[in-house]
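One structure below.
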Amino acid sequence: MISTMQKEDIRELVFKAKEGDKFSIAKLISIFENTKPEYFEFKKEAIQLLSQNSNSKGFFIGMTGTPGVGKSSLIGRISLELLKKIKKRIAILAIDPSSEISGGSLLGDRTRFRLPYYESRIYFRSQPSNNELGGLGKHTFDVCRVLYYLFDVIFIETIGIGQSEIEIKKIADYLFLILQPLTGDQIQFMKAGIMEVPDAFIINKWDEKKESFKIYYALQNSLNFITPDSKEISIFPVSAHTGYGIENLVDFIIKISEQSPKSLQEKEKYFFLKWVQKEYGNKGIEFLNQIGGIEQWFTFYPFFDLAIEKFSTIKYIYEP
Ligand SMILES: Nc1nc2c(ncn2[C@@H]2O[C@H](COP(=O)(O)OP(=O)(O)OP(=O)(O)O)[C@@H](O)[C@H]2O)c(=O)[nH]1
Ligand SMILES: [Mg+2]
């Protein structure tokens, strides 16, 4: 398909995607998820076009938590509120095949929250996690590069177990850890040494009142223990079911999403290094350092796909 694609087609695809056409956005994303070399030129052209006159903010909000805490329900509810309150464009990327938000009515009864399909300001995409270390999917970052230029606020739903949050932190400009009324695994979770990672906490299912207070105090205690001197970390008690606390949380999200996102190129550097490590191991990293390191490499090849392409050829040439 790509070989028959002309420059004009790319232009049209990007133009339509910028207009909010869901089919074009989906097509563009599928191309970025494809790592075949013949897609390289297309991606380069597409990124150039996407970045021209892009007035989207590209602010990534990570929503992570153990299975079943209500991530999908919450993101659905929050997004609908955001659509009402602000004029911005919103995307949801759910890293988990079992995700229960749907972009339309395809999933029927399984859908927790149905997003208005004909509303061009919201886009939903799900992606398998591929059991990649770090909780992200194999192509999560590739998709994010497209979403960055097309949307103002992008939610990423990831299942957070142990170290997974570390990786989402590399993409997210702001990270929420979602908890629910205290259960065994939640206590385990709080012991796992990852409480320092999120920027704020959400306690969902606040409608389950008695149990909710327990986790609120347990959380506050462990936060005091971890960061006694630092500024207070926000804890939002909410219920995706009753709507309790949602307005407060939505106003907070509007406020934080007005900040500038972290630089996309810094994120690219992280995922480039990850790729080098995965493809060539420590030898690859050593090699990169011998030839000037990541900063130098990105000065020569400031474009993500180009950085990867060039490194793979050079590495191949120099490898004993
Ligand atoms: N009581 C109560 N139940 C909730 C609330 N929010 C979600 N649930 C329920 O919790 C269950 C899981 O909700 P999801 O939104 O699918 O949770 P999730 O974290 O996205 O789940 P995974 O994607 O499977 O990890 C469903 O049965 C929801 O109806 C809430 O505020 N209160
Ligand atoms: Mg979910």
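Quick caveat: nothing in here was measured; it's all calculated off a predicted structure. Note that ligands are numbered from 1 as they come in the structure, with each ligand's atoms numbered from 1 the same way. Nothing fancy with the numbering, it's 1 onward along the sequence.
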| Shortest-distance N, O or S atom of E157 relative to the Mg ion (ligand 2) | OE2
| Do any N/O/S atoms of S72 come under 2.8 Å of the Mg ion (ligand 2)? | yes
| message | I159 versus ligand 1: do any nitrogen or oxygen atoms come within less than 3.5 Å of each other? | response | no
| message | Closer than 4.0 Å to some heavy atom of A240 - which atoms of ligand 1 meet that? | response | 6 (N), 30 (C), 31 (O)
| note | Of T66, N204, D207, the residue with the heavy atom nearest atom 6 (N) of ligand 1 is N204
| Strictly under 6.0 Å, is that where the ring centroids of F271 and F304 end up? | no
| Pairwise ring-ring contact (aromatic ring centres under 6.0 Å, His included) hits with a residue in residues 60-87, at least two apart | none
| Is V238 in polar range of ligand 1, meaning some N or O pair under 3.5 Å apart? | no
| Residue selection (non-hydrogen contact nearest atom 20 (O) of ligand 1) among S72, A94, P67 | S72
| Does an N or O from G68, backbone or side chain, lie closer than 3.5 Å to an N or O of ligand 1? | yes
| request: Hey, can you tell me if W297 and F272 have their rings parallel, tilted or perpendicular (30° and 60° cut-offs)? | output: parallel
| Ring centres under 6.0 angstrom apart (F311, F287) | yes
| request: Of all the heavy-atom pairs spanning K71 and M63, show the shortest one and how long it is. | output: CD-O, 3.8 Å
| task | Say whether Q180 and ligand 1 are in contact under the criterion: heavy-atom distance to a ligand atom below 4.0 Å. | result | no
| message | Under a 4.0 Å threshold between the charged nitrogen and the carboxylate oxygen, would D173 count as salt-bridged to K57? | response | no
| request: Give the ring-plane orientation class for F176 versus F252, where under 30° counts as parallel, over 60° as perpendicular and anything between as tilted. | output: perpendicular
